[in-house]
Amino acid sequence: MTAPRPYAAVAGLLTAGALLAGCTSPAAVGDTSPSGALTRTLREGERPKAPDLGGTTLDGRTVRLSDYRGKVVLA
(Lines give C-alpha, C1' and ligand atoms only; values in the text may rest on other atoms or scores of the structure.)
Protein backbone atom coordinates (compact mmCIF):
# COMPACT_ATOMS: atom_id res chain seq x y z
CA MET A 1 0.00 0.00 0.00
CA THR A 2 1.36 3.43 -0.90
CA ALA A 3 1.52 6.42 1.39
CA PRO A 4 -1.03 9.23 0.91
CA ARG A 5 0.10 11.95 -1.46
CA PRO A 6 -0.48 15.42 0.04
CA TYR A 7 0.44 17.10 -3.24
CA ALA A 8 -2.45 15.42 -5.05
CA ALA A 9 -4.88 16.61 -2.39
CA VAL A 10 -3.57 20.18 -2.58
CA ALA A 11 -3.76 20.11 -6.39
CA GLY A 12 -7.34 18.85 -6.19
CA LEU A 13 -8.33 21.62 -3.78
CA LEU A 14 -6.70 24.29 -5.96
CA THR A 15 -8.47 22.95 -9.04
CA ALA A 16 -11.84 22.92 -7.26
CA GLY A 17 -11.27 26.47 -6.04
CA ALA A 18 -10.40 27.68 -9.54
CA LEU A 19 -13.50 26.04 -11.00
CA LEU A 20 -15.76 27.55 -8.35
CA ALA A 21 -14.19 30.98 -8.80
CA GLY A 22 -14.93 30.78 -12.53
CA CYS A 23 -18.62 30.17 -11.85
CA THR A 24 -19.24 33.59 -10.32
CA SER A 25 -21.08 36.27 -12.26
CA PRO A 26 -20.71 40.03 -11.82
CA ALA A 27 -24.29 40.64 -13.05
CA ALA A 28 -27.34 40.27 -10.87
CA VAL A 29 -28.88 36.82 -11.02
CA GLY A 30 -32.36 37.98 -12.06
CA ASP A 31 -31.19 40.46 -14.71
CA THR A 32 -31.83 38.97 -18.16
CA SER A 33 -32.66 42.14 -20.08
CA PRO A 34 -30.37 43.10 -22.97
CA SER A 35 -28.44 46.20 -21.99
CA GLY A 36 -25.39 46.22 -24.25
CA ALA A 37 -24.97 48.74 -27.05
CA LEU A 38 -24.70 45.94 -29.63
CA THR A 39 -27.73 44.03 -28.35
CA ARG A 40 -31.08 44.58 -29.97
CA THR A 41 -34.31 42.63 -30.04
CA LEU A 42 -36.29 42.48 -33.27
CA ARG A 43 -39.84 41.32 -33.79
CA GLU A 44 -40.42 38.32 -36.02
CA GLY A 45 -41.33 40.36 -39.10
CA GLU A 46 -38.33 42.70 -38.65
CA ARG A 47 -35.65 40.01 -38.46
CA PRO A 48 -33.37 39.70 -41.48
CA LYS A 49 -33.29 36.28 -43.13
CA ALA A 50 -30.13 34.24 -42.83
CA PRO A 51 -28.18 33.89 -46.07
CA ASP A 52 -28.70 30.59 -47.90
CA LEU A 53 -25.26 29.10 -47.33
CA GLY A 54 -24.32 25.88 -49.04
CA GLY A 55 -21.54 23.37 -49.20
CA THR A 56 -20.53 19.83 -49.98
CA THR A 57 -20.43 17.04 -47.39
CA LEU A 58 -17.55 14.60 -47.06
CA ASP A 59 -19.48 12.04 -49.10
CA GLY A 60 -20.12 14.49 -51.97
CA ARG A 61 -23.73 15.55 -51.29
CA THR A 62 -24.70 19.21 -51.62
CA VAL A 63 -26.25 20.72 -48.50
CA ARG A 64 -27.89 24.15 -48.18
CA LEU A 65 -28.91 26.01 -45.05
CA SER A 66 -32.44 26.30 -46.43
CA ASP A 67 -32.70 22.49 -46.22
CA TYR A 68 -32.86 22.90 -42.45
CA ARG A 69 -35.47 25.68 -42.30
CA GLY A 70 -37.37 25.54 -39.01
CA LYS A 71 -34.71 23.38 -37.31
CA VAL A 72 -31.93 24.33 -34.93
CA VAL A 73 -28.54 24.51 -36.66
CA LEU A 74 -25.28 24.75 -34.73
CA ALA A 75 -22.20 25.82 -36.66
Side-chain angles (χ1 to χ4, degrees):
M1 187 166 166
T2 61
R5 298 181 181 161
Y7 297 114
V10 170
L13 288 173
L14 287 174
T15 302
L19 289 173
L20 290 175
C23 293
T24 61
S25 173
V29 175
D31 185 19
T32 59
S33 62
S35 61
L38 298 177
T39 303
R40 61 183 176 161
T41 304
L42 300 174
R43 292 189 176 96
E44 188 172 342
E46 299 173 343
R47 296 179 196 149
K49 292 186 178 186
D52 192 19
L53 303 174
T56 306
T57 63
L58 293 175
D59 54 347
R61 292 182 297 134
T62 301
V63 179
R64 304 204 62 77
L65 185 59
S66 60
D67 297 339
Y68 298 97
R69 185 174 311 273
K71 298 179 183 176
V72 176
V73 178
L74 298 176

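Screening residues 65-74 for salt bridge (charged side-chain N to carboxylate O under 4.0 Å, His left out) gives no qualifying pairs among residues at least two apart or on separate chains.
The side chain to side chain donor-acceptor pair (under 3.5 Å) search around Arg64 returns Asp52, not counting sequence neighbours. Every side chain to side chain donor-acceptor pair (under 3.5 Å) that Thr57 has, sequence neighbours left out, goes to Asp59.
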